[in-house]
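The basis for the numbers below is simple: all heavy atoms, side chains too, and nothing from hydrogens, waters or symmetry mates.
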Amino acid sequence: MTPDRLPLPLRSAVFGSAVAVLLWLTLAPSDELPQVSFWDKGEHALAFLVLAGLGLVLFPRHPVRMIVGVTALGALIEILQATMDLGRDGDWRDLAADVVGVAAALLLFALARRTLRR
């Protein structure tokens with residue numbers, strides 16, 4: 001059984017949980033988060049690669065909606081980080097890294113679809 005054949009409520013719960021974890025990691029006060037020694041922009045790209053990839057696997061019939069939605073989430077996070085007083089800073093370069101991750105997920109999704117059709 002492929003993931004897109006799972007019941008919609010289950011797929012929605014899995015994706016919603018991933019969004020919730022990402023929101024916590026990006027909006028929690030910086031002193032409450034685990035310290036990771038990875039490159040910041042790499043963390044952004046990887047997080048959005050995983051989120052967009054998960055969304056594309058769970059909802060493959062709606063790739064444009066998924067890509068637009070996940071990208072909009074990245075923009076919203078940067079706006080919230082810039083306006084909330086939690087020791088976080090909104091940065092357009094973080095959004096650019098998010099878009100790189102989303103684009104990588106879309107590329108991998110397209111390659112996988114093409115390979116499976118052969």
- prompt: If two hydrophobic side chains count as joined below 4.5 Å and joins carry through other members, does L58 share a cluster with V102?
  reply: yes
message: Please give me the minimum heavy-atom distance between G53 and A105, naming the atom from each residue.
response: N-CB, 3.6 Å
query: So how far is it from L56 CG to L106 CG, rounded to the nearest 0.5 Å?
result: 6.5 Å
Output a table of donor-acceptor pairs, distance under 3.5 Å, between side-chain atoms of residues 12-23 and any protein atom two or more places apart or on a different chain; print 'none' if there are none.
unit_1: S12; atom_1: OG; unit_2: L8; atom_2: O; d: 2.9
unit_1: S17; atom_1: OG; unit_2: A13; atom_2: O; d: 2.8

task: State plainly whether one hydrophobic cluster holds both V57 and L51, where clusters connect Ile, Leu, Val, Met, Phe, Trp and Tyr through side-chain heavy atoms under 4.5 angstrom apart.
output: no
Just distance, no hydrogens or angles: give the donor-acceptor pairs under 3.5 Å from side chains in residues 63-84, sequence neighbours left out.
unit_1: T71; atom_1: OG1; unit_2: I67; atom_2: O; d: 2.8
unit_1: E78; atom_1: OE1; unit_2: D91; atom_2: N; d: 2.9
unit_1: Q81; atom_1: NE2; unit_2: T26; atom_2: O; d: 2.6
unit_1: T83; atom_1: OG1; unit_2: I79; atom_2: O; d: 3.1
unit_1: T83; atom_1: OG1; unit_2: L80; atom_2: O; d: 3.3

- request: For residues L6 and R11, report the shortest heavy-atom separation together with the two atoms involved.
  value: O-NE, 2.9 Å
query: What are the two closest heavy atoms between H44 and A97, and how far apart are they?
result: CB-CB, 3.7 Å
- prompt: Measuring from D98:CG to E43:CD, what's the distance to the nearest 0.5 Å?
  reply: 11.5 Å
- request: Among Ile, Leu, Val, Met, Phe, Trp and Tyr joined by side-chain contacts under 4.5 Å, find the other residues sharing a cluster with L108 and list them by chain and number.
  value: L46, L49, V50
